[in-house]
Each structure stands twice: as C-alpha cells, then as structure tokens.
Amino acid sequence: MNERMTRDQLLRRGAVGVTFLSVPGLLAACGGGGGSKSAGSSQVKKVMNFANWPYYIDTPATLKAAGIHKPTTLKEFEKQTGIKVNYYEEVNSNPEYFAKVQGRLSKGEGIDRDILVSTDNDRFLGDYISNKWAQKLDKSLIPNIKNLIPAQQHPPFDPNRDYSLPWASGMDGIGWNDKVTDPITSVKQLFEDPKLKGRVGVWNSMGDTLGLVMLENGDDPAKVTNASFNRAIARVQKAVNSGQIRKFYGNDYAPVLAKGDLAATMAWSGDIANLADPHVHWLVPTQGGIIWTDNMIIPLGGSVPTASTYMNFMYGPTISAQWALGANYISSVKDVKQAAVKLDPKAASNDLTFPSEKTLSQMHQNDPAMLRNPDYNKKWLAVQGQ
Amino acid sequence: VGEFLHRHKGLTPYLLLAPGMLWLTIFFLVPMGFLGYQSLESGLFPHFHFSWEFSNFTSALSGYHTQLIRSFVYAGIATVACLVLAYPLVYWIAFRSGPWRNLFLLIIVAPFFVTYLVRTLAWLNILADQGPVVRILRDIHVLGPDGRLLATTFAVVAGITYNFFPFMALPLYVSLEQIDPRLLEAAKDLYSSPTQAFRRVTLPLSMPGIVAGTLLTFIPAAGDFINAALLGTPNQAMIGNVIQAKFLESLDYPTAASLSFILMGTILIALLVYARIVGPEKLTG
C-alpha cells in the first residue's frame, strides 16, 4: 500500500470517527467544568459580579433622555462602597439562563455570580430557591428592606423574602416597528395578519406568551384550566404552522425589531423605551397585558455580604427612583414616586415607570400552578419544535 | 526501552496503538456507555433512576420523527450542493491554477479562522430582511416585495452548505491533485473526448475524495443545530435542536440520550447503505 492510499484511508476513517463524537459529546462536555466551590465568604468583596437582563438599568444615555444629570446608580454604588461591579447583561431568557447554570449549581458549585435576576412568571425562580441553589440574604445588611412595598412582601415562591428581593416589575405587551407595519394592537392581529407573515416574534417563556394569548382567547391567565391551556397552545401552534411566527425569543427580540426583520413582536414594557428608536413603539394589547416581577437572588458561590450591600443600596428611594426613570421599569420601593418627581417633575406621567390606574386595570397575572405543571411545560417545548 | 522493544518485537504495534485506544476509551466508549445508561432511565430531573425504560426510544421516535427526517433531508441537500459547488472549483485549483494554487486553498479554508458561531451569525446580517442582499433580490424581482431569505428552509440549508463546504472541498482536492496528468493525455491519445476522459479517468480516480467529502459533510450536518437555531424558524428545527433543548432546557436527559442514540443509529444505517452502493472498499480503503 502506498502513501497516498494511507492518507485517503485516514481521511475516510476520520470522517466516520467524527460522527460519533459530534452532538452528544459536545453536550456532555457542557455539563462538566470545575470552578469555585459554593461556600461564600463572610466578608464584603472588592468586586461584585451581577447577571442581569439587557435594557434593565439606568445608563448615561437613558439618564440624559430622562433629564437627570447624575452619575449612574452603578457608578454611585462604586463611589459610595468601593465595590466594583461587573455588570453582565447575559440573561436572555429564564429557561436559557437556567439551562446554562443548572449543571454547576446542581453539583453545589458556584457560577461566579453574586446576584442573578430571575422572573416570577416562570418556574425557574421557584426552582432556584427550592433546589437550595440560592443563598439566604443577610437582612442585617439590608435595613432598607423596610422600604419594600407590602404587595411584594410575601410572594408564594419566597413567603418571608429570605432569598429574594424584587429588581423590577414590568408589563407584557406588543412592540412594533413603524417602518415596516401599521400599529399592531392585538394578539389576533399579531398571529393572523397575513402582512406580518414570518415577521412576528413571541417569547420562549411560557407565562409571558401564553398569558397574552389566553387574554386574547377571553380566558383568565390567573386561573388556567386544561381547556384554556390547550386553546392557547393550539393558537400558538397554528401561528407556527402557518409560518407567521419567526422565532421564540428571549430578550434578543429587541435588536431584531429595531432592525426591521421583525415587524411586530411580543415585547416588554421598558425595553422599547430603552431602545430609544423613534420608529419602535410599545402598547398594551386591546385584550390586556401581563404584569410580572423580576427578582434578585444570590446563587451558590456568590458573596452574601457583597450582594446584600448592593440590595440595600438599591432599596433607597432616591436611588431606586433614578434607576426607575433610567430603566423605564417599575420599582418595588415605597415612596419612589415622590423621590422621582424631585428628580424630574414630569416623572409622574411616565406610564412605564408609574403605570396609571387605567394601565394597571388592564394587567393580569400568571397562574403559578400553570408555570409548575410539567405536562404544560412539555407541551410548551413541543410547540417550539422541541 | 530500545533493548526491551528489540526483544519483544511483537509488542510494538500494540504500544503504538495504546494512546489512541486509551483516548477512544476515555472520550468515546465511557461517555457512550454513560449515555446508553441515561437513555434507559426514567423519572424527572434531578431524580432519574435506571429502569430499562426502552419506551424512551419509541416515544422519542414517535414524537420527533419529523425533525429526524428533516435533518437527513437538509443534510442530504447540503451535501449534494457542496459536491456540485466544490468539484468544479477544486478541479480548477488542482489542474489550472498554477502558482496560485496555495492561495486558493487558503481562501477555501479562510472562513475557518473565524469561529463557527460567528460565521453563522454573520449571515444573520447579510441575509437580513432590510439588508442589501434581500433589497437587490427584491429590486430584480427574484423575491416578491414581501419576500425574505432569513428564517426560511433555504437559509438553513445554505448555512449548512456554507459551513461544511471545506470538509467537502479539501478531501476532493487531495484526490484530484494526485491524478497523474499523463493518464489524461493517454486517454486523449486513445481518441477519447474530454467528456469521456473525465468520466472514465478523472471521476473514478477522484471517487475516494468524493466518498470522504460526502461523509465528512453529511455526518456532522445531520447532527447540526446552530444553523437551524440561528437562520431558521421552529418549522426548520432539526434533531440537533431537539437534543440540545432536551438536554439543556427541559432537562429531560433520558429522551435526549435516546434521541442521540437514534441519530447515531440512523447515521450508521445510512452509512452502511452508502457503503453498499459505492462499494465497501471505498469506505475503508
């Protein structure tokens, strides 16, 4: 056998070998990896690693837009405490982030984050806490916890607020790009208008998407039955099959909408304001929207004192007011409206940060039992082709 | 050591084989065994228990045969497209490019200097609905006024074709480059037309390259999930996307593991059929 034959042989045998190492091997590899152990230190660290969603904090640009001439809350925190914050906008969706970190957390390992933010209208926030993947807050370092509004003091996933504090509340609605389409005001239009075919986005989180669909169906998202669940799934399935829905997005819908590849999409209230694109708009669907709250937790391995110090800082009314006006989301801190009006007299009319009675009357909440139902979660993945 | 090897000549092949076998055992056989074990478990995350749950396979197959078939169709189309595009190109490079040969080869491999994910993400911008490509195609009426490229089957198959092209082109080049030009001259001397010479001389001699190229393209393409995830919609979801979501999002390891085995099994069967058609000696040398 000459040299050439051997080389060909090698190539071909290599080809066969490569197969069996591709997908499963890659996925198996994702599970591994060593890292810091779970035990957090008892001292405040010099650096805090914060995992949050995009468009979720005051920036120099958003503060300028709000007419507030102050350093950002992050800068102010660093100045006051000397703790440097590495702010990672890496949470794109609750299921995706959970998938990313569950491997290490389930082994009792840390994920190099001191705070992560997870939403109450998905099953994952409850999972972090009940799996003991979140650490107890050090409330002695959070005297400002007294400013937490009563409505948020006893949520079902954490009745005494031992593990979590609200970061922000927000609303599910519809965003559209006026360069590509006329205003889209209902889920019916979103799912059935032939002009939007292939240019519609929905979320990959079940509570958000099905909540809006249930409202469109005239069903109550806060009290889900098998019948109303199946009606909502069938409606999404129909829009998938007809090619109306382009993709199931996390927070990554926003740049696609701004680019115009999406004409209209389910969108979160503050994101569109923070995009600051004059062509992109947001509204509450005619049949109503969903309101939810994102919560900060301290994952295994995170520094409890450092994270608690930061939480205390964010629960001061003036800081929270500045954050709310810069991020265009809703604060859970008492007296934040008075503080906000001092920063910006027009603040009271910001319907994203201080929703009017009328807007709030259009808001509904998800049924926690639906979010936890494994059969529903299975059907939700199936409708996404998974 | 030299002394030892000299005395036990029979051991040499085994010693040479040992590192490779060790590698295969640790990184292939052991994970495979673990995956097989997982595929027969039942229960919900994180409490799985082994129970010879063969129904994982039947339910996975009945639930996801659409995505499985789609994966093989997409991989098949992409492989043929790669072959049709690569053959004339590397033929020209091997026989006609003269001193520029290495430069052209470098150009084929150049995209590999960028990571797979970023290469694919780039297409998101190139093919964007509001991007230049779609605009031009709309202007010349190849696409309708509402036509698009992104989020279509075309985009996914084109993405796979693009990403696996060098796996087809390089083995093809190796086999074409080694054809002795004197054989073609001889064919001409014996009154064969250029077409006949190609069909009777070049093509058969390049068969090893074609076989290697199609395998290197088809096999990873069938398990790919990046292209469908980034360039497609849920209607283009491939089996790789299902396995990825089962492992990482729904944390349904048993179904994910059985789907991985089904994918491997199907590829193996496809390989055997292919070997049968092209002749087994082409597959193993």
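Side chains are part of it too, since the values below use all heavy atoms of this structure and drop only hydrogens, waters and symmetry mates. Below, chain A is the first sequence line, B the second, and so on; all start at residue 1.
Aromatic ring orientation, B:W23 versus B:F27: tilted (interplanar angle from 30° to 60°). Taking the six-membered ring where tryptophan is involved, the planes of B:Y253 and B:F48 are tilted, since the angle between them lies from 30° to 60°. Using cut-offs of 30° and 60° for the angle between ring planes, the A:W380 and A:F248 rings count as perpendicular. Between A:F98 and A:F124, the angle of the ring planes lies from 30° to 60°, which puts this pair in the tilted group.
Per-residue counts of heavy-atom pairs under 4.5 Å with chain A were compared for B:I239, B:T66, B:T233, B:L124; the largest is that of B:T233. Contact tally against chain B (heavy-atom pairs below 4.5 Å) for A:Q384, A:K259, A:K378: the top residue is A:K259. Of the listed residues (B:L251, B:L259, B:V242), the greatest number of heavy-atom pairs within a distance under 4.5 Å of chain A belongs to B:L251.
Contact of B:Q67 with chain A is made through the side chain alone, with heavy-atom distances under 4.5 Å. If you measure heavy-atom distances from A:K179 to chain B, you find no contacts under 4.5 Å at all. Residue A:D261 touches chain B through both its backbone and its side chain, counting heavy-atom pairs closer than 4.5 Å. B:Y64 touches chain A through its side chain: at least one heavy atom from C-beta onward sits under 4.5 Å away, while N, CA, C and O do not. Of the two parts of B:A256, neither the backbone nor the side chain holds a non-hydrogen atom closer than 4.5 Å to a non-hydrogen atom of chain A.
Taking both residues in full, the closest heavy atoms of B:L35 and B:S260 are given as CD2-CB, 3.9 Å, listed atom of the first, atom of the second, then distance.
The pair A:K100-A:E90 fails the salt-bridge criterion, with no side-chain N (NZ, NE, NH1 or NH2) lying under 4.0 Å from an Asp/Glu carboxylate O.
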